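Worksheet: one structure, shown below.
Residue numbering restarts at 1 for every chain, and letters A, B, ... go by the order of the sequence lines. The model shown is predicted, which means the values in this text are computed figures rather than measured ones.
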Amino acid sequence: MYVGVHPLAGFDKVLHYRVPESLGAAVVVGSLVRVPIVNRLHLGIVGEIGAPKDFPVEKLKNVAQLVQPFPALTPDLLSLAKWMAAYYACGIDTIIETMLPAAVRNDAGLKIEKMLVMAEKLPEAELEKLTKRAPQQAKLYRFMVQQFKPVKKSLVLTRLDLTAAVVAALVKRGVLREEARRVERVAYADEWGSGEVVAAMPPLLNPQQRAAGEALAASLKADKFGVTLLHGVTGSGKTEVYLHAVHDALAAGGGVIFLVPEVALTPQTVARLRGRLEAIAPGQKTVVWHSHLSEGERIDGWHALASGEARVVVGARSAIFAPVQNLRLVVVDEEHEPAYKQDETPRYHGRDVAVMRAKLAGALCVLGSATPSLESFANAEAGKYQLLQLTQRVDDRKLPHINVVDMKIEIMNSRGMTTLSRKLVNAMQSRFEKREQTILFINRRGYSSSMMCTDCGHVEECEHCSITMTYHRSDERLRCHLCGAERPAPMSCPKCRSVKIRWRGLGTQRVEEAVRRVVPRARIERMDADTMSKKHLFRQVLGDFRAGKIDVLVGTQMIGKGLDFPNVTLVGLIDADISMHIPDFRANERTFQLLVQVAGRAGRGDRAGEVVVQTFTPQAEAIQFSRQADFAGFAASELKMRKDFRYPPYRHLIHHGFRGPNPEKLQFFAEQWAKRVEAALGDKVELRGPSPSPIEKIKDEYRWQLWYFTAQVTKVVAELTKLRADFTWPDDVTQVLDVDPMNMT
DNA sequence: AGCACGCCGACT
DNA sequence: GTCGGCGTGCTC
């Protein structure tokens, strides 16, 4: 028998080996093996069974060892690795290394404990003799005779105050037997596991929750891949809905992966989840998976899942690679959270990988959020994902009214520049009369500003990258921060010829002045990076605001987080679309989510709050726009920069992968990069490509193209570091909207 | 990755 | 001439 192996040796190639008789049937696809490469042993994953096509069979070496008795990667994980390698432009070995916990790879974490068992009893006479001649051995013997189960050698030695020599003597006589046993640390029953009995009681579901639960049950019953976006407002009880689905999946004999953002993995939440999970499926063990586990805990959890002993794993990002058997359900809670992104090579997005793994396993994937990410929402709108909504809060607190004001119309009506819309002014005045508070949130981020027509809302964008171009006032030019393209700023709107084209961006100061004009008697405080340079000032202002000494708080995003003021019943979002237009679509999304969060907080228990959103591109359009701003991101393995140069000469392939549906765009990026490197080096760089994705099954438009160029690293390292610093990297290199496993056949 | 092979300039 | 700095290609 011959096998093709993916070696974990730093290069990305399948090597073939002969499987010796002794290993035979135990070696299957997904097995972790040790194989000889040149003159040393490396780990590898069996990727296929069969002889090589272009290598003489006689020359094949033997597989040296089978590291794990069961396959280390399930078939779905193996195909997931292949997909990720192509999608995120990195070697499959890198992916496999992240999939397998280090402890599993070098079986170091396997804590072996020596156990002692009785092998043969001694006749009375022998024992008498032993008592005289070797009292220590006799003592040990007497103890061991009473034991029914194997006992830990270390324990026996300390308890009976013996040395290892005594044990060895009895083992040699054949009286005792030493056994090595893998220790099962119980990663699923730590000190937090119990004592949460109350939380284990399932609360009654409201009709909406029940309906969502039933819809998920139906999807699960269909027993095939599907994605459901569970869009539930804060406090609508999404967790209960997940738990019902988990229950159904377990009842059907399937496995479950439950992903939460890393920060959510506090002992309390873990304990609560585990309590509930173990209550809905008695006897089921729940493995917890996060980065702070010890090696031992990790390997035990891994083994429990790989062997099928445990079927549920709750964990952060990397838990998506857990070797769960017969995977039926993947839950991604708070799917919009940036914590799902890995910002080291291999850069991947846990949520996207979750969707793909579900697809490969034929499972149901549930993405849940109060503020779904744009791409998930777009996928739901496009009908690719099923959309379930929970609009009622469990506590029945009212949701605020959200008014979107189109500033184009506002400016038209007032015949002039307008900072605050009529709607917002009225609302502010009425709040002031009622002694309620207002927050005006000015959406300004960085100093990127775009060119926008105040008549038609047109924004200039880069023809190559479809992102908004940045206006540079110093030289009156527009630049694309992604590809570096530039052109003179137009004097009139290219679309409607209007001359009312201006660069956008209101300062807190101007807003403050405007507020002072319309509510002269109100106490107004400004809060932005300029005025809040001192920490205590920041606290003081927030304190004053909370105490009711301030009526209107005007600020930038710094007031966005953690604002929970009971007396605030109005929130105004000025220039909502500024961050919709900055060339970083991830920022758009943050603004959008912030909006939803702010909206959720506005209002008092008894009455719904109000939110006024001022925009030139009313919401639907704005979202649409930011979807276009999605570009074929630089998915890419990181620049490989090694500083430890030594002989043998490093020669590096600096490669950048560019993915996306538009080959021209990709080529353009690649060429831009090549140019930059050339300029930095002062000599020619060879650009090669595109090389197609190694995955044949993916439809052509989703096929990657990998463009790469080679250059001598000696010169490049320093230069690239500089380049990197002044190059505006897309905020999110792995993030792409067109994650679309639904359309891959 | 790590190692061998083979190229080219400057020396035991 | 050959030694070693360095680029390239291969590893079953």
Side-chain angles (χ1 to χ4, degrees), chain A residues 1-24 26-67 72-73 78 81-82 85 88-100 102 105-106 108 344-346 636-655 674 677-678 681-689 691 694 706 708-720:
Chain A
M1 186 168 102
Y2 305 108
V3 287
V5 174
H6 295 285
L8 304 183
F11 59 92
D12 197 12
K13 202 185 170 206
V14 173
L15 301 182
H16 288 257
Y17 291 87
R18 190 198 319 276
V19 180
E21 292 290 324
S22 56
L23 297 177
V27 176
V28 292
V29 170
S31 290
L32 183 63
V33 290
R34 226 179 274 281
V35 290
I37 294 177
V38 192
N39 53 10
R40 71 175 90 245
L41 289 177
H42 285 273
L43 285 176
I45 289 283
V46 175
E48 62 195 42
I49 306 271
K53 288 185 212 87
D54 48 3
F55 196 85
V57 173
E58 324 76 75
K59 286 170 102 178
L60 293 185
K61 292 184 183 172
N62 273 345
V63 170
Q65 187 202 349
L66 179 64
V67 182
L73 294 185
L78 196 59
K82 288 178 189 164
Y88 294 116
C90 55
I92 196 164
D93 54 329
T94 329
I95 304 284
I96 291 172
E97 274 173 37
T98 45
M99 284 185 167
L100 295 174
R105 271 183 277 141
N106 42 37
E344 287 162 15
T345 322
S637 52
E638 199 156 275
L639 281 177
K640 287 191 173 174
M641 300 195 294
R642 290 174 53 89
K643 296 200 170 98
D644 50 333
F645 306 128
R646 50 186 193 81
Y647 195 82
Y650 45 84
R651 148 218 29 122
H652 267 279
L653 175 77
I654 301 161
H655 76 248
V677 174
E678 269 184 23
L681 290 177
D683 60 14
K684 189 77 189 150
V685 166
E686 190 195 352
L687 182 65
R688 302 195 216 150
S691 66
L706 194 66
Y708 55 94
F709 38 81
T710 54
Q712 298 178 12
V713 167
T714 12
K715 303 179 192 171
V716 173
V717 171
E719 292 305 327
L720 273 182

Distance in angstrom units between K13(A) NZ and dG9(C) C1', rounded: 10 Å

Atom pair distance, as rounded to whole Å: CG in D54(A) and P in dC10(C): 12 Å

Whole-Å distance, N39(A) CG to dG2(B) P, equals 11 Å

Round to a whole Å and report the spacing from NZ of K61(A) to P of dC12(C). 4 Å

Between atom CE of M99(A) and atom OG1 of T94(A), what is the distance when rounded to the nearest 0.5 Å? 11.5 Å

In whole angstroms, how far is the C1' atom of dC12(C) from the OH atom of Y17(A)? 5 Å

Find the distance N62(A):CG to dC12(C):P and express it as a whole number of Å. 12 Å

Between L100(A), L32(A), V29(A), which is the residue that forms a side-chain contact (heavy atoms from CB on, under 4.5 Å) with L73(A)? L100(A)

Between atom CE in M1(A) and atom P in dC12(C), what is the gap in whole Å? 19 Å

Where V27(A) and M1(A) come nearest, the two heavy atoms and their spacing: O-CE, 3.5 Å

Under 4.0 Å, counting only non-hydrogen atoms across every strand here, what does F55(A) touch: a base, just sugar-phosphate, or nothing? base

Report which part of the nucleic acid P7(A) touches: base, sugar-phosphate, or nothing (heavy-atom distance under 4.0 Å, all strands). nothing

Integer-rounded Å distance: dC12(C) P and D93(A) CG: 16 Å

If the test is side-chain contact (heavy atoms from CB on, under 4.5 Å), which one of L23(A), V5(A), V67(A) qualifies with V33(A)? V5(A)

Do the side-chain N or O atoms of K59(A) get closer than 4.0 angstrom to the phosphate oxygens (OP1, OP2) of dC12(C)? no

Respond yes when some side-chain nitrogen or oxygen of R40(A) is under 4.0 Å from OP1 or OP2 of dT11(C), and no when none is. no

